[in-house]
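Down below is the structure, laid out as structure tokens.
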Protein chains: 2
Amino acid sequence: MPIFAHVCNLHNMQAKPTIKDIAKALNIHHATVSRALRGDSRISEETRKKVMDYATSIGYVVDQNALNFRNKTINNIAVIVPNISHNIFSSFISLITDLANKEGLTVSVFQSKEQFDIEAKVIKTIVRQRVGGVIASISNETRNGKHFEELREFGIPLVFFDRVCEDLNTSKVLVDNFEGTMQAVGYLIEKGYRRIAHVTGQQAINVFRERHQGYLKGIELAGLTYKESIVIEKDFEIADGEKAMLALLNKDEKPDAIFSDSFVLSAGVIKQCRQSGIQLPDELAMMTITNDPYSSLLVPSQTVLEQPLEELATSAFELLMKAMNEASNQPGIEIRHHAFRLIERESVK
Amino acid sequence: MPIFAHVCNLHNMQAKPTIKDIAKALNIHHATVSRALRGDSRISEETRKKVMDYATSIGYVVDQNALNFRNKTINNIAVIVPNISHNIFSSFISLITDLANKEGLTVSVFQSKEQFDIEAKVIKTIVRQRVGGVIASISNETRNGKHFEELREFGIPLVFFDRVCEDLNTSKVLVDNFEGTMQAVGYLIEKGYRRIAHVTGQQAINVFRERHQGYLKGIELAGLTYKESIVIEKDFEIADGEKAMLALLNKDEKPDAIFSDSFVLSAGVIKQCRQSGIQLPDELAMMTITNDPYSSLLVPSQTVLEQPLEELATSAFELLMKAMNEASNQPGIEIRHHAFRLIERESVK
DNA sequence: CTGTTAGCGCTTTCAA
DNA sequence: TTGAAAGCGCTAACAG
């Protein structure tokens, strides 16, 4: 239960000047003030200047809430991610914020903490807020998109990125997980590795399933037999990477390369290798999805498949703007795919 | 110039049910509906149930915008940070988001990108939005808090954290930079280091100035003479850390320990050391402010002064709530200090 | 060029 | 226990 009031009470604050205050002071009608302020061409230059000057002098600032309310317009969007503090999501939010602000939109952030219940609650909040649009990446626990339907009912456009609800007919921004992983596995094989293991996530989530399928395809294409994978079910922590590596080391046949679906997991793998005395990259090669700012600082520096975050954010924002500027009866669904970029470093020899 | 419309046009979307729709369908007055929905005790149980059931059946959701507008209340807060994607800030935002959502408040995020002009623009946007309150950490370029004054004029409470405007009489949440750094330098001296250099930021910003003063005090207390510092003026990048280290190596007397004000800078220092063949930690000890999730993964793992982020976020949020629930004529300013926590790892022997 | 009027969705007096 | 009326700040249609 909230320990503070739900909302900020502004009743006893000094009154902020409104167009009516300006109108009264200048002996004109507040509609005229409104028009002058918005630069309506029919207003005389004289009146316009008078209004502008007075408005500035008393520190008038338009009330965006009243404006939105009156016009049935909304100037903010919501971003829902599993975890705001994870670099990939905070970088994404940073990019979206810049794009949105440039368009006069503000950005509200929400996180599901990888929990379905929180995600559902967040959506309810967003509907109440009547935001203009939503960009979302789903939680690990999410199995279908029913809870997102309410957005559509309220005409709130929705764009998914990266982790998506496949059962929902909305715009989506995706990375070519299957292709990328398959090629990455091919790259490792080309470099001479033969026992490649895959550390991945929930197979119910599109990104991890596609990557695993890409991994299997890559192995199959090369006619190899070794395939081992460790699936981390919950949120990725460093400890999960350690455990995954330990599990792989305890198998009869040990891997000579790891393909990891996350920087955090790779960090754990490295940690475990240090503890187990495995020499990197000599005894074990590593390849990771996502180019974290610190991928190049690990020892050995990590060869990665970089997600083109800027492209993802730009696409997601463009698709959302498209949806927001369209009538709700013209869906205008679009699905965009972006390719990974291979960055070669020391973790693969 | 924006390439999209500034706002989302909802005119041609299906109408969302309002209390009037419910009233009409049930042949009662919309005021009654309003009361029933909010559980007003004067409404008969029969009417209440009828209204509730019908509201649910047609998917009625209160319009928070209209509510805020009508009640002159606001249920969202803004957070301004230099850069959303920097771990310390995204972690902070993550914590604030959780606290705020628990109170029924949403969080809008803004970033200054370390630029004064953007910071000033962001504040104007926030005033227009009439948010309920603001939590901010200032940009490297900010020299005074004049541009924040408008918030006060509009009765919008403001709480600073970490990097603050010292000329502004607002609530602030601070870390004991002077004390912490002084003690950290003492710790290094105790470990036998005698030539400790400081890699820091803009001395106009409270945190960096206080840390540098703490550094100097620590040196002075031990009666040492070596003091070298490199000041990074702009946003911290890995390259800045590299350059700083290079500069220190080119001095006549080389340091035997580095005290770095940022994880990113430390990352650069390590990189440069590798390039210059400096053995860490044997030839050079390192100590860093901020316990990044990856501090322990660097080689050598980094001994750090951890900022108690959770405490900072909790304090900042509490102070903001306090300010939001008070009349604007009762300032209720409070300044809270939090201590660093020393985490010993391998970078100091 | 400017004033009048009405109303967005909701709550809150004041009556009944 | 419910209805009627007013109004938050702003804009837009209509009139002049």
Side-chain angles (χ1 to χ4, degrees), chain A residues 6-13 15-51 55 58-75 127-130 154-155, chain B residues 6-13 15-51 55 58-75 127-130 154-155:
Chain A
H6 272 259
V7 285
C8 169
N9 186 327
L10 296 176
H11 285 300
N12 38 16
M13 301 198 161
K16 274 71 91 184
T18 72
I19 52 171
K20 283 188 184 166
D21 297 325
I22 299 176
K24 212 172 292 171
L26 265 39
N27 259 315
I28 52 180
H29 198 270
H30 67 268
T32 307
V33 175
S34 167
R35 286 186 279 247
L37 252 19
R38 282 178 309 99
D40 189 305
S41 60
R42 299 169 310 185
I43 297 294
S44 74
E45 178 57 27
E46 191 200 338
T47 308
R48 205 191 58 78
K49 189 159 170 14
K50 209 170 54 176
V51 169
I58 62 167
Y60 170 83
V61 178
V62 70
D63 183 332
Q64 188 73 49
N65 282 331
L67 246 183
N68 290 346
F69 174 60
R70 156 70 227 224
N71 295 350
K72 299 291 101 193
T73 59
I74 294 150
N75 78 325
V127 170
R128 270 213 324 278
Q129 296 293 325
R130 305 282 202 274
F154 277 81
Chain B
H6 272 259
V7 284
C8 168
N9 185 328
L10 297 176
H11 286 300
N12 37 16
M13 301 200 163
K16 274 71 88 184
T18 72
I19 51 170
K20 283 187 185 169
D21 297 326
I22 300 177
K24 212 172 290 169
L26 265 39
N27 260 317
I28 54 179
H29 199 268
H30 67 268
T32 306
V33 175
S34 167
R35 287 187 277 247
L37 252 19
R38 282 179 310 99
D40 189 305
S41 60
R42 298 169 308 186
I43 296 294
S44 73
E45 179 55 25
E46 190 200 338
T47 310
R48 205 192 58 77
K49 186 157 173 18
K50 209 170 55 178
V51 169
I58 62 168
Y60 170 82
V61 179
V62 69
D63 184 332
Q64 188 73 49
N65 282 330
L67 248 183
N68 290 346
F69 174 61
R70 154 71 227 226
N71 294 349
K72 301 290 100 192
T73 59
I74 295 149
N75 78 326
V127 169
R128 269 212 324 276
Q129 297 290 328
R130 305 283 202 272
F154 276 80

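So that the names make sense, note that chain A is the first sequence line, chain B the second, and so on, each numbered from 1. As a basis for the values below, the full set of heavy atoms in this structure was taken, side chains included, without hydrogen atoms, waters or symmetry mates.
- At the phosphate of D:dT1, neither OP1 nor OP2 sits under 4.0 Å from any side-chain N or O atom of B:Thr47.
- Positionally, the nearest nucleotide of DNA chain D for B:Ser44 lies more toward the 5' end than for the other of B:Ser44 and A:Leu37.
- In this structure, B:Asn27 places its CG atom 11 Å from P of D:dA4, rounding to the nearest Å.
- Applying the side chain to side chain contact (heavy atoms under 4.5 Å, CB included) test to B:Leu67 and every residue at least two apart in sequence or in another chain returns B:Val62, B:Gln64, B:Asn71.
- A search for side chain to side chain contact (heavy atoms under 4.5 Å, CB included) contacts involving B:Lys20 returns B:Thr18, B:His30, not counting sequence neighbours.
- Among the protein residues, B:Ile19 comes within range of the nucleic acid bases, having at least one heavy atom under 4.0 Å from a base atom.
- For A:Lys24, there are no side chain to side chain donor-acceptor pair (under 3.5 Å) partners, not counting sequence neighbours.
- Note that the CD1 atom of A:Ile19 and the OH atom of A:Tyr60 stand 6.0 Å from one another [nearest 0.5 Å].
- By the stacking rule of 5.5 Å between ring centres and under 30° between planes, B:Phe69 does not stack on the base of C:dC10.
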In a table with atom names and distances, give each donor-acceptor pair under 3.5 Å that connects a side chain of residues 35-43 of chain B to protein atoms at least two apart or in another chain.
{"unit_1": "B:Asp40", "atom_1": "OD1", "unit_2": "B:Arg42", "atom_2": "N", "d": "2.9"}
{"unit_1": "B:Asp40", "atom_1": "OD1", "unit_2": "B:Arg42", "atom_2": "NE", "d": "3.2"}
{"unit_1": "B:Asp40", "atom_1": "OD2", "unit_2": "B:Arg42", "atom_2": "NH2", "d": "3.2"}

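- Under 4.0 angstrom from either OP1 or OP2 of C:dC8 there lies at least one side-chain N or O belonging to B:Lys20.
- Nearest nucleotide to the A:Val62 side chain, out of D:dC10, D:dT1, C:dT2: D:dC10.
- A:Glu46 pairs by the side chain to side chain donor-acceptor pair (under 3.5 Å) definition with nothing, not counting sequence neighbours.
- With rounding to whole Å, A:Ile22 atom CD1 is found 16 Å from C:dT2 atom C1'.
- Between C:dC10, D:dT2, C:dC1, one nucleotide has an atom nearer to the side chain of B:Ala66 than all others, and that is C:dC10.
- We find that NZ of A:Lys72 is positioned 15 Å from C1' of D:dA12, with the value rounded to whole Å.
- For the pair B:Asp40 CG and D:dT2 C1', the computed distance is 11 Å after rounding to whole Å.
- One finds a side-chain N or O of B:Arg38 lying less than 4.0 angstrom from the OP1 or OP2 phosphate oxygen of C:dT12.
- Rounded to an integer number of Å, the gap from CZ of B:Arg42 to P of C:dA15 is 14 Å.
- Between the CD1 atom of B:Ile43 and the P atom of D:dG3 there is a distance of 8 Å, rounded to whole Å.
- Remark: C1' of C:dC10 and CD of B:Gln64 are 11 Å apart, rounded to the nearest angstrom.
- Residues from residues 28-35 of chain A with heavy atoms under 4.0 angstrom of DNA chain D, sorted by number: A:His30, A:Ala31, A:Ser34, A:Arg35.
- Nearest heavy atom pair, residue A:Asn65 against residue B:Gln129, reads ND2-O, 3.4 Å.
- Rounding to whole angstrom units, NZ of residue A:Lys16 and P of D:dC8 are separated by 14 Å.
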